[in-house]
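Presented below is the structure to which this report refers.
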Amino acid sequence: MRHLFTNFCKQNLKNNLFVLLGDIGVGGFLNQKDELLKNVFNMGINEQAMVSFAGGLASDKNLNIICHTISPFLIERAYEQIKLTCGYNRLKLILVSANGPYEYEKLGPTHHCPADVNLLNLIPNIDIYLPSSADDLLNSLKSALKSKKSSYIRLTNRYVPNFDNYSCSEKSKFIKVIKRGKSKNLAITTGESLFYALNSKYYDDFDILNLVKPKDKLPNLVHNYRKLHILEPYLESIINIDAAGKNIKKFTYKKEFKKRIKKNLGYEDFR
Amino acid sequence: MNESKLFNNSKKIRNLILDLAFSSGEGHIASSFSIVEILVALNECFKNRKKLNFKDSFILSKGHAVFALYSLYRFKNILNDKIFQQICKNNSKYIGHVPTNMVDENFIYGSGSLGHGLPFSVGYAFRRNHKSNKSKPVFVLVGDGEFNEGSCFESLMLLNKFPNISLKIIIDCNLSSERAIPIINFLKNLKNIYNLTFVDGHNLTTLFNVFQSSFDSKENQIIICNTQKGYPLKEMINNPIWHHRKLTLEHYLKFKDEILNL
């Protein structure tokens, strides 16, 4: 997904877009003279200053500012700066993290961020996008550019290129339903959990409802299903569902999701 | 100090780094290579010092260079071969950054995110030295790019508050992040405020002499070591592609050969 992200940015640089990089992904933004493209800055390894600097740029409402680096540094290290810049001062930033929660698994917990979605969910004025496919990513970026609110977009290397191989209907740009089974079971996924559900034998006869924006309201069709499994690739659940009379199981990184996909070494393993 | 012996030790450690990187499919090889002489020379300074040892006195703040530290510890048999073979394998707590003290007491602080080891070291050095008349130096190795992080400058301000805690800050200055934020001139001007020394980071003799002379004084010091990222491999030196690149068999054999023929 990082490749797609870089290409999208390069196509939109002339449209008042600034890209601030935390010393990653730099190579994709170099011209033939090995110089960074106009409006792209390598801000180095200082995430807190990067986010505040971005806020200063964003005071010009005509500009779109993207901040991009590895997720724990972008979200956790610069959390106060995000809270004050985006939440309190209501300046619009587009935060794009380079990886899903455990994608740097063997580098250890300093490079993991399973709490990213939950932390940002506490800050007002930020839309959260967890794209599951290449198209989802492009739609998320386009939406983030147009929106007046700040956005967080999580890139992942566990995604599907498209939905062409599946019997899929689109409920909205960010909600898709994949018909697979004859049973009355539904898996609700977002971000990289779609990839896991599609590749897991356990979910072979589940229909899948995929949300790009996990805070979106679920469509009514979920009530047609007998069994619901909700797979959320972050620490605590944020997907809301009316639980009356339903067999609902929620899987988050805190509750069984790690077992379901495979075990990822995480912070709790070092206690 | 036997320079020839230390030179051979450096070769052995680089070989171990390559072995580890190839078998694990992980590792920041170039960053690890740039600090090998620093570790070898510093470790040598601790020999014959009865009450001080390397592993209680050294903090690697530049955590992604941990393969160099793992390899030094393997070479010294502080890490046995069984553990060494497990590094960065599935479910191993010996990860691609410094493990925590709870995983292994031979590591004082589990760094990985940059800019954390240095402020920790200030507190650690204070704890070791503030009541003692004698110097028990604490050496912390920081990357020059790591000084982009504000917490590093906060640490330097703390040193003004705690001037004689025998903290020796070794800066691995390989200039790899000058493309982002030029910092080296800024660091050089610290000589106006702190006891600051410049040294060739790949010259074992001068490194040894500088580190050795720092032991007896409680004064805090900054030692800027001029290094090359990826030294001495021709393909790797100052080549950003090698920051976090997996080794193929072809590259593994080529680099091993190059080390052998040094």
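In the text below, chain A, chain B and the rest are named by the order of the sequence lines, each starting its count at 1. From a predicted model like this one, the values you see are computed outputs, not experimental measurements.
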Output the distance between atom [atom1] ([X]) and atom [atom2] ([Y]), rounded to the nearest 0.5 Å.
{"X": "K106(A)", "Y": "K89(B)", "atom1": "NZ", "atom2": "NZ", "answer": "8.0 Å"}
{"X": "D23(A)", "Y": "I181(B)", "atom1": "CG", "atom2": "CD1", "answer": "9.0 Å"}
{"X": "H64(B)", "Y": "T110(A)", "atom1": "NE2", "atom2": "OG1", "answer": "11.0 Å"}
{"X": "H112(A)", "Y": "S113(B)", "atom1": "NE2", "atom2": "OG", "answer": "12.5 Å"}
{"X": "H116(B)", "Y": "R77(A)", "atom1": "NE2", "atom2": "CZ", "answer": "3.5 Å"}
{"X": "N90(B)", "Y": "E105(A)", "atom1": "CG", "atom2": "CD", "answer": "7.0 Å"}

Under 4.5 Å, counting heavy-atom pairs only, tell me which of E146(B), H243(B), R179(B) racks up the most with chain A.
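Top count of heavy-atom pairs under 4.5 Å with chain A: R179(B).
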Within 6.0 Å of [atom1] in [X], more than 12 heavy atoms from elsewhere:
{"X": "Y88(A)", "atom1": "OH", "value": "no"}
{"X": "K76(B)", "atom1": "NZ", "value": "yes"}
{"X": "E105(B)", "atom1": "CD", "value": "no"}
{"X": "K255(A)", "atom1": "NZ", "value": "no"}
{"X": "I241(B)", "atom1": "CD1", "value": "no"}
{"X": "K55(B)", "atom1": "NZ", "value": "yes"}

Please report the shortest heavy-atom distance between N148(B) and I45(A), naming the atom on each side.
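Smallest heavy-atom distance, with atoms named: OD1-N, 2.9 Å.
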List the atom of G44(A), the atom of A180(B), and the distance in Å for their closest heavy-atom pair.
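That closest heavy-atom pairing would be CA-CB, 3.6 Å.
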Under the side-chain contact (heavy atoms from CB on, under 4.5 Å) rule, what do H28(B) and L107(A) come out as? Steps first, then yes or no, please.
CA-CA 10 Å; H28(B) 293 77; L107(A) 295 184; 4.1 Å; yes
Could you tell me which portion of S151(B) (side chain, backbone, both or neither) has an atom closer than 4.5 angstrom to a non-hydrogen atom of chain A?
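Interface part for S151(B): side chain.
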Portion of E26(B) that has a non-hydrogen atom of chain A nearer than 4.5 angstrom:
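It is the side chain, since no backbone atom gets that close.
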Taking the inter-plane angle between the rings of Y104(A) and H244(B) on a 0 to 90° scale, is it parallel (under 30°), tilted (30 to 60°) or perpendicular (over 60°)?
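Correct class here is tilted.
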